[in-house]
Amino acid sequence: MQRPIIVFDLDGTLIDTAPDLLESLNHSLAAGDLPAVDEIGFKGFVGHGGRVMIERAFAARQKALAAAEHDRLHSLFVDHYTINIPGKSRPYPGVLPAIARFEEAGYLLAICTNKYEANSLALIEALGMTKHFAAIAGQDTFAFRKPDPRHLLETIRRAGGDPDRAVMVGDSQTDIDTAKAAGIPVVAVDFGYTDRHVSEFEPSVVISHFDELTLDLAARLIAAAHPARQMP
């Protein structure tokens, strides 16, 4: 029998990468003669990758962004971010105990992120967390990415998990829409990177700390989604 699985988004869900993403964004914006973004303004740009962050920063300043310049600044962003991994990025409070309790209960764990796969692998490795995950799938792992539900479903398949006994954990509308389209219950954390409260996107449940991600909660969500299936 395939094992139950918890699939996590990465940035803003498992790992607080905001300090490093902000530094890389401002590094690229400086090269484009744009003022730096502060921590408050950053939340309006983050959530869809470096290219979108740069685009939103230019739009906020009502400054035109040519395609070639967009490509150049995005390359600067990626290079700056990559060479500084893990930087100041750290797991959110409660992440490691949550991982431990689900592993002990026989769950598989995986990551499904729109971060590039190489950067995702490098970050998790640098933080000493690789051993916990049966699969780490980034935006370029497959020919599709979130919010396409196949990104989530193929991550589960790659990990060897049971899609009928799966829970997604994320911080954004993209994560929530992906899980819903895949028919998988979704837990939204309310401390991630979104400029709107995640409750507006109607996840299965909202949590404010990983202590709330319990075995009982996962079992109840799976049972509600697939009443005929029995949890171990």
Quiz item: So which heavy atom on K180 is nearest to which on F201, and how close?
Solution: NZ-O, 2.9 Å
Exercise. Please report the shortest heavy-atom distance between G32 and L73, naming the atom on each side.
Key: N-CD2, 3.8 Å
Quiz item: R158 side chain to A137 main-chain N or O, any donor-acceptor pair under 3.5 Å?
Solution: no
Exercise. Give a yes or no on whether I15 and F77 share a hydrophobic cluster (residues Ile, Leu, Val, Met, Phe, Trp, Tyr; joining criterion: side-chain heavy atoms under 4.5 Å apart).
Key: yes
Quiz item: Taking the six-membered ring for Trp, are the ring centroids of Y92 and F191 within less than 6.0 Å of each other?
Solution: yes
Practice problem: Would you please classify the geometry between the H74 ring and the Y116 ring as parallel, tilted or perpendicular, with 30° and 60° separating the classes? | Solution: tilted
Quiz prompt | side chain to side chain contact (heavy atoms under 4.5 Å, CB included) between T155 and I5, intermediate numbers included | solution = CA-CA 10 Å; T155 300; I5 185 168; over 6 Å; no
Self-check item: Steps toward side-chain hydrogen bond (donor to acceptor under 3.5 Å, both in side chains) verdict (Y193, D16)
Solution: CA-CA 9 Å; Y193 309 152; D16 183 6; 2.6 Å; yes
Exercise. Please report the shortest heavy-atom distance between T178 and P147, naming the atom on each side.
Key: OG1-CA, 2.9 Å
Quiz item: Can you tell if the side chain of E103 reaches within under 4.5 Å of the side chain of L109, non-hydrogen atoms only?
Solution: yes
Practice problem: Give a yes or no on whether the backbone of L213 and the side-chain of R101 come within a donor-acceptor separation of less than 3.5 Å. | Solution: yes
Quiz item: Taking it one step at a time, do H197 and D190 satisfy side chain to side chain contact (heavy atoms under 4.5 Å, CB included)?
Solution: CA-CA 7 Å; H197 196 276; D190 66 3; 3.8 Å; yes
Exercise. Could you tell me whether K63 atom NZ has more than 12 heavy atoms of other residues or ligands within 6.0 Å of it?
Key: yes
Quiz item: So, are R72 and E69 salt-bridged, with charged N and O less than 4.0 Å apart?
Solution: yes
Exercise. Would you kindly say whether E55 and H70 are connected by a side-chain donor-acceptor distance under 3.5 Å?
Key: no
Quiz item: Can L22 and N26 be said to form a side chain to side chain contact (heavy atoms under 4.5 Å, CB included), step by step?
Solution: CA-CA 6 Å; L22 179 58; N26 283 332; 3.6 Å; yes
Quiz item: Would you call D175-K146 a salt bridge at under 4.0 Å N-O?
Solution: yes
Quiz item: Can K115 and D11 be counted as an ion pair, charged N to O under 4.0 angstrom?
Solution: yes
Quiz item: Could R150 and E154 be called an ion pair, given the rule that one side-chain N must be under 4.0 Å from one carboxylate O?
Solution: no
Exercise. Assess whether side-chain hydrogen bond (donor to acceptor under 3.5 Å, both in side chains) is satisfied between H80 and E23, documenting all intermediate values.
Key: CA-CA 8 Å; H80 184 273; E23 285 186 8; 5.2 Å; no
Quiz item: Angle class for the H151/F142 ring planes (parallel below 30°, perpendicular above 60°, tilted otherwise)?
Solution: perpendicular
Quiz prompt | Heavy-atom pair with the smallest gap, counting every atom of T17 and S89 | solution = CA-OG, 3.3 Å
Self-check item: Minimum-distance pair of heavy atoms, taken over all atoms of T130 and I124
Solution: N-CG2, 3.4 Å
Quiz item: Any side-chain heavy atom of P93 sitting closer than 4.5 Å to one from H209?
Solution: yes
Quiz item: Is the F133 ring parallel, tilted or perpendicular to the F8 ring (thresholds 30°, 60°)?
Solution: perpendicular
Quiz item: Would you find a donor on one side and an acceptor on the other, under 3.5 Å apart, between the side chain of T13 and the backbone of L10?
Solution: no
Practice problem: May I ask you to decide whether D140 forms a salt bridge with R145, counting only side-chain N to carboxylate O separations under 4.0 Å? | Solution: no
Quiz item: Under 6.0 Å from the CZ atom of R61, do we count more than 12 heavy atoms belonging to anything else shown?
Solution: no
Exercise. Consider only side-chain heavy atoms of I, L, V, M, F, W and Y, link residues closer than 4.5 Å, and tell whether V169 and I136 are in one cluster.
Key: yes
Self-check item: Taking every non-hydrogen atom, the tightest pair across A110 and A159
Solution: CB-CB, 4.2 Å
Quiz prompt | Short side-chain to backbone donor-acceptor contact, E200 and R196, under 3.5 Å | solution = no
Exercise. For N119 and T82, run side-chain hydrogen bond (donor to acceptor under 3.5 Å, both in side chains): C-alpha distance rounded to whole Å, both residues' side-chain angles, the deciding distance at 0.1 Å, then the answer.
Key: CA-CA 6 Å; N119 283 344; T82 299; 3.1 Å; yes
Quiz item: Is there a donor-acceptor contact under 3.5 Å from the side chain of N114 to the main chain of Q139?
Solution: no
Exercise. Applying side chain to side chain contact (heavy atoms under 4.5 Å, CB included), run through L152 and M168 and close with a yes or a no.
Key: CA-CA 8 Å; L152 174 55; M168 175 76 187; 3.8 Å; yes
Quiz item: In the single-linkage hydrophobic clustering (I, L, V, M, F, W, Y; side-chain heavy atoms under 4.5 Å), do I6 and M129 co-cluster?
Solution: yes
Practice problem: State plainly whether one hydrophobic cluster holds both V7 and F102, where clusters connect Ile, Leu, Val, Met, Phe, Trp and Tyr through side-chain heavy atoms under 4.5 angstrom apart. | Solution: no
Quiz item: So do R220 and L217 actually touch side chain to side chain, heavy atoms under 4.5 Å?
Solution: yes
Quiz item: Is there a path from L127 to I111 through hydrophobic residues (I, L, V, M, F, W, Y) whose side chains come within less than 4.5 Å of each other?
Solution: yes
